[in-house]
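The structure under discussion appears below in the form of structure tokens.
Residue numbers start at 1 and run along the sequence shown. Everything quoted here is computed from the prediction, not taken from an experiment.
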Amino acid sequence: MSLDCLFSRSGKFAGKRLHLGVSGSVACYRALDVLRALRALDMHVSATLTGGARQFVTPLLFEALGAMPVYGDMFAPGEEAFAHLEPGQHAQAMLVAPASADTLSRLAQGAASDMLSAQALAFDGPLLLAPAMNPRMWQHPATQANVATLRERGARIILPACGRAACGDAGEGRLAPPEELFWQALRALAPQDMAGKRVMVTVGPTREPWDGVRYWSNPSSGRMGGALAVAAWLRGATVTAVCGPGCPGLPSEIRRLDVGTAREMFEAAADIWPDMDCGCFCAAVADFSPVPHGPEKFKKEGAEAGFSVSFAPNPDILRTLAARRRADQRLLGFAAETAPDMDSLLALARAKRARKDADLLAGNCVNSAGCGFGCATNSMAVTDRHGHEEIWPQQNKADVAWDLLTWLLRI
């Protein structure tokens, strides 16, 4: 499964430190995907492999992918005398993935009989546990009691997925997907400056049907809106994403409402907007929709000379909801423009912010190389209601999203 997700190239986590614990499970190899993704963000990752884990994977493999140091048994030749304390002294979060039934039991009992359990006992930062085991072992009352105990003590449990286990049994017990482990690790390391806030994000394109098989749309991939939704969630917000067709995958804790047309997006956004603190209106909504031909496919026979299509205006989601907002609600809008240069783009963004009555508006040139639809990067012209303006050079969309949210919090 690919970890080329919305924050896979962010620069916001460079220098962060995480300790990765790996216990005995056939799912051990999936921890390598998480390690690789975290290291790609220029994070420092140390690791501990239990004796059971080393039956499936080797310390050398983790070292080759950038984990440093990699711990094994306590009292092993060459092991530092206080290696069982090192993660608690240096790491900012600890992730155990996979966490076997035995490891969960040790942690719940406060045992310190192996390196990993001793390190966890001495760790007072965010502790994330991702169980993986046979479905019947997961459902056993002893395992469930251990999980409940650990959760009560503040550990974050990344619930296992459903599916077929290596033994052939089916049910809940498979290690959570690598993407979910990656998201949760980043959230444990992110500042929680949006905790308690409820954020709505509109994401991706809309599709306006004309006949039974054709529609009017644009090439938006939803990466920018998805990055905003993820960034707000990483920073502690409760997020609802109203997603048009073809949008990227999001963390499971983000509420996702999938829609098709501009009117459906408007109705979904209008329904939840009264309960929100912030709205990020990032979707590339079709301003017009074709007057439908009908549910059947339009045939070219009889139209050899061509034909005309009439269009009707769609609701203006940003302007309409801005007019309905409370005084404490904040709005971020976007402008996908074609402009000859960034100064011209800033003028367009300034005018659109005023028309829409947004608190903050970010414009990007969809006709510039490396920007706009389908790209991983954007360069932005940003303006707010107080007259503050900036032009940002091209950077990863995840980092653009992060910086826009930081600005929105200041307004």
Side-chain angles (χ1 to χ4, degrees), residues 1 18-34 47-57 71-74 84 87-88 91 93-188 233 238 251-255:
M1 192 173 292
L18 179 133
H19 187 68
L20 176 63
V22 185
S23 61
S25 165
V26 72
C28 282
Y29 72 96
R30 301 178 83 183
L32 296 164
D33 291 332
V34 181
T48 299
L49 276 61
T50 67
R54 296 196 299 275
Q55 298 299 312
F56 295 96
V57 291
Y71 300 103
D73 293 329
M74 286 198 293
H84 62 296
M94 182 172 180
L95 167 66
V96 182
S100 66
D102 181 67
T103 294
L104 294 174
S105 178
R106 290 172 189 257
L107 299 184
Q109 296 303 315
S113 52
D114 70 354
M115 182 70 82
L116 180 57
S117 57
Q119 289 173 335
L121 194 62
F123 192 81
D124 57 6
L127 175 62
L128 291 77
L129 305 173
M133 64 198 72
N134 173 273
R136 285 174 290 169
M137 294 174 67
W138 170 249
Q139 293 297 335
H140 194 280
T143 303
Q144 292 300 307
N146 290 333
V147 168
T149 296
L150 291 164
R151 186 180 279 122
E152 288 170 5
R153 292 176 184 164
R156 306 181 192 179
I157 308 298
I158 306 173
L159 290 174
C162 289
R164 190 167 298 280
C167 62
D169 290 349
E172 190 176 19
R174 291 170 58 91
L175 184 67
E179 296 96 322
E180 195 69 23
L181 303 179
F182 176 74
W183 296 130
Q184 293 289 348
L186 295 191
R187 195 179 200 211
W233 174 79
T238 300
S252 61
E253 293 180 10
I254 292 179
R255 181 190 179 201

Minimum side-chain heavy-atom gap M133-L104 below 4.5 Å: yes

Sub-4.5 Å side-chain heavy-atom contact between F182 and D33: no

Nearest atoms (heavy-atom pairs only) where G24 meets T50: N-OG1, 3.5 Å

Verdict with supporting geometry, D73 and R54, side chain to side chain contact (heavy atoms under 4.5 Å, CB included): CA-CA 10 Å; D73 293 329; R54 296 196 299 275; 2.9 Å; yes

Expected output: side-chain R174 to main-chain A27 donor-acceptor under 3.5 Å: no

Spatial distance of atom CG (L116) from atom CE (M74) [nearest 0.5 Å]: 10.5 Å

Reported CD-to-CZ distance for the pair Q144 and R151, which is rounded to 0.5 angstrom: 8.5 Å

Working for side chain to side chain contact (heavy atoms under 4.5 Å, CB included), residues V34 and L95: CA-CA 10 Å; V34 181; L95 167 66; 4.2 Å; yes

Atom of S23, atom of A99 and distance for their closest heavy-atom approach: OG-CA, 3.4 Å

Distance (rounded to the nearest 0.5 Å) between E179 CD and S252 OG: 11.0 Å

Minimum heavy-atom distance R156-P126, with the two atoms named: NH2-CB, 4.0 Å

Reported OG-to-CG distance for the pair S113 and L121, which is rounded to 0.5 angstrom: 10.5 Å

Least distance between heavy atoms, A91 atom then L18 atom: CB-C, 4.3 Å

Side-chain heavy atoms of L175 within contact of P160, under 4.5 Å: no

Any side-chain heavy-atom pair of L181 and L128 under 4.5 Å: no

Side-chain heavy-atom pair E172, P135 within 4.5 angstrom cut-off: no

Heavy-atom side-chain contact between S117 and T103 under 4.5 Å: no

Nearest-0.5 Å distance that lies between atom CZ in F56 and atom CG in L49: 11.5 Å

Enclosure of R136 CZ (heavy-atom neighbours >12, cutoff 6.0 Å): no

Side chains of Q109 and T149 in contact at under 4.5 Å (non-hydrogen atoms): no

Residues in side-chain hydrogen bond (donor to acceptor under 3.5 Å, both in side chains) contact with S105, at least two apart in sequence or another chain: none

Minimum side-chain heavy-atom gap Y71-Q119 below 4.5 Å: yes

Point-to-point distance, once rounded to the nearest 0.5 Å, from SG of C28 to CD of Q55: 10.0 Å

Partners passing side-chain hydrogen bond (donor to acceptor under 3.5 Å, both in side chains) against N134 (at least two apart in sequence or in another chain): D169

Heavy-atom pair of closest approach, residues A101 and M137: CB-CE, 3.8 Å

